[in-house]
Undergrad: 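Before anything else, here's the structure in question.
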Amino acid sequence: MKKLFLGIAMSASVLFLSQAHADQASSKATQLIRVSYGIKDNREMIRVLNSTITNRGTEQEKAYYRRCILHHMESEILYQEMALGASFAELRRTQNLLVKLYQMVVEEEINELQNEFVALAGKSSGREKPETREYFRLGYRELVVARQKLLTSKNSRPFLPALKLHDLSFALHALKDAEKYIVLLGLLHDSNQDMDRDAKSFERLLAEIDRIIVGDKNKYKRFLFDSRFENFEESDFYVITWATASLSDLESPMPDFDPAYKRNPSMPDKPKTE
């Protein structure tokens with residue numbers, strides 16, 4: 001009888017330990033997937049912001065953007081080392097910093113594009129063409145969408161940075177669409193000749209800017225390139241940062257944006273750029 005009870009007890013212990021190991025493995029797999037998706041999302045949010053920072057970003061915005069990239073690098077390194085808890089904490093930190101930067105950039109972009117529309121409204125006064133009202137209507141509609149998404153991001157819960165970032169990314173996309181209408185209105189009312197109404201492709205619009213714009217041609221070219229998430233003349237800031245960044249820079253605080261972050265000196269080299 002004792003042998004029977006001993007055998008049952010041992011079997012139960014084995015089953016319990018097997019279940020514990022299975023639960024632990026399942027939990028780690030879930031955490032691995034969670035971190036992997038978080039890093040992927042952050043990478044996309046960083047890349048979406050790149051053309052805006054490269055084309056028209058201020059020095060402060062470029063410094064903040066670089067800081068976000070450095071923290072993203074750190075989260076990828078920790079992920080490669082399977083330090084999943086630390087990697088998740090770092091990707092969450094990256095998200096919170098990106099929210100700050102996105103909100104700053106989107107707000108400044110809204111104000112800048114608003115001023116461009118106002119200036120073009122003055123230039124079109126008394127010289128309206130068939131498309132003028134429609135381009136203004138569509139352009140202002142995109143500004144309204146961007147404002148709404150910016151407001152939503154500011155009012156949503158602070159512990160949902162990923163949700164905030166998706167709203168802010170939507171706002172940035174709306175602003176890119178608004179830039180297209182600024183280019184079209186510029187060709188209509190900041191030019192010395194009638195524009196080619198059939199010019200709809202990127203290449204033909206670029207040619208039209210060179211042909212008829214009388215003011216700052218590069219301004220309109222920059223808007224045109226930026227509306228397509230492409231860089232105009234300037235070197236790609238994202239690529240430059242990946243090529244030249246030192247993760248030890250994170251050890252120095254960035255006032256009003258990000259405190260110092262002490263790295264583990266045994267960390268491997270930064271991952272290759274995408």
Undergrad: What do the steps show when you test Lys176 against Thr52 for side chain to side chain donor-acceptor pair (under 3.5 Å), and what is the final call?
TA: CA-CA 9 Å; Lys176 302 295 184 185; Thr52 303; 2.5 Å; yes
Undergrad: Got a sec, which pairs hit salt bridge (Lys or Arg N to Asp or Glu O under 4.0 Å) with one end in residues 183-194, sequence neighbours left out?
TA: Lys123-Asp190, Lys129-Asp194
Undergrad: Looking only at non-hydrogen atoms, find the nearest pair between Ser235 and Ile240 and report the distance.
TA: CB-CD1, 3.4 Å
Undergrad: Distance from Leu84 atom CG to Arg34 atom CZ, nearest 0.5 Å?
TA: 11.5 Å
Undergrad: What I want to check is whether the side chains of Glu251 and Tyr261 have a donor and an acceptor closer together than 3.5 Å.
TA: no
Undergrad: So among Lys262, Arg67, Met73, which one has a side chain to side chain contact (heavy atoms under 4.5 Å, CB included) with Leu250?
TA: Arg67
Undergrad: Rounded to the nearest 0.5 Å, what separates atom CE in Met45 from atom CG in Asn42?
TA: 8.5 Å
Undergrad: Could you see if Tyr181 belongs to whatever hydrophobic cluster contains Leu206? Use Ile, Leu, Val, Met, Phe, Trp, Tyr and a side-chain cutoff under 4.5 Å.
TA: yes
Undergrad: Is Arg141 paired with Asp177 through a side-chain N to carboxylate O contact shorter than 4.0 Å?
TA: no
Undergrad: Is the closest side-chain heavy-atom distance between His166 and Asp41 below 4.5 Å?
TA: yes
Undergrad: Without hydrogens or angle criteria, can the side chains of Ser51 and Asn55 be said to hold a donor-acceptor pair below 3.5 Å?
TA: no
Undergrad: Please find the pair of heavy atoms, one from Val239 and one from Asp236, that lie closest to each other, and give the distance.
TA: N-OD1, 3.0 Å
Undergrad: Locate the shortest heavy-atom distance separating Ile182 from Leu120; write the atom from each residue and the value.
TA: O-CD1, 3.8 Å
Undergrad: Within this structure, what is the CG-CG distance for the pair Leu138 and Leu143, rounded to the nearest 0.5 Å?
TA: 11.5 Å
Undergrad: Check Glu142 against Ala178 and note the closest heavy-atom contact, atom names and distance.
TA: CB-CB, 3.9 Å
Undergrad: To the nearest 0.5 Å, what is the distance between CG (Leu49) and OG1 (Thr54)?
TA: 9.0 Å
Undergrad: Out of Arg147, Lys154, Lys149, which residue meets the salt bridge (Lys or Arg N to Asp or Glu O under 4.0 Å) rule with Glu107?
TA: Lys154
Undergrad: In a check of side-chain hydrogen bond (donor to acceptor under 3.5 Å, both in side chains) between His71 and each of Gln95, Arg92, Glu90, which one passes?
TA: Glu90
Undergrad: Side chains of Gln103 and Ser153: any donor to acceptor distance under 3.5 Å?
TA: yes
Undergrad: Please name the pair of heavy atoms, one in Glu179 and one in Asp226, separated by the smallest distance, quoted to 0.1 Å.
TA: OE2-OD2, 2.8 Å
Undergrad: Could you check whether Arg66 makes a cation-pi contact with Phe237, meaning its NZ or CZ is under 6.0 Å from the centre of the six-membered ring and within 45° of the ring axis?
TA: no
Undergrad: What verdict does the salt bridge (charged side-chain N to carboxylate O under 4.0 Å, His left out) test give for Asp210 and Lys217, after you've listed the backbone C-alpha separation in whole Å, the side-chain angles of each residue and the deciding distance to 0.1 Å?
TA: CA-CA 7 Å; Asp210 279 327; Lys217 295 180 187 289; 5.4 Å; no
Undergrad: Give me the atom names and distance for the closest heavy-atom approach of Ser75 to Ile39.
TA: O-CD1, 3.7 Å
Undergrad: Tyr140 vs Phe136 aromatic rings, parallel, tilted or perpendicular, using cut-offs 30° and 60°?
TA: parallel
Undergrad: Atom CG in Leu150, atom OH in Tyr102: separation rounded to 0.5 Å?
TA: 13.0 Å
Undergrad: Step through it carefully: locate the ring centre of Phe225, locate the ring centre of Phe202, and say whether they are under 6.0 Å apart.
TA: yes
Undergrad: Is there a donor in the side chain of Tyr65 and an acceptor in the side chain of Glu61, or the other way round, less than 3.5 Å apart?
TA: no
Undergrad: Distance under 6.0 Å and angle within 45° of the ring axis: does Lys100 meet both against Tyr64?
TA: no
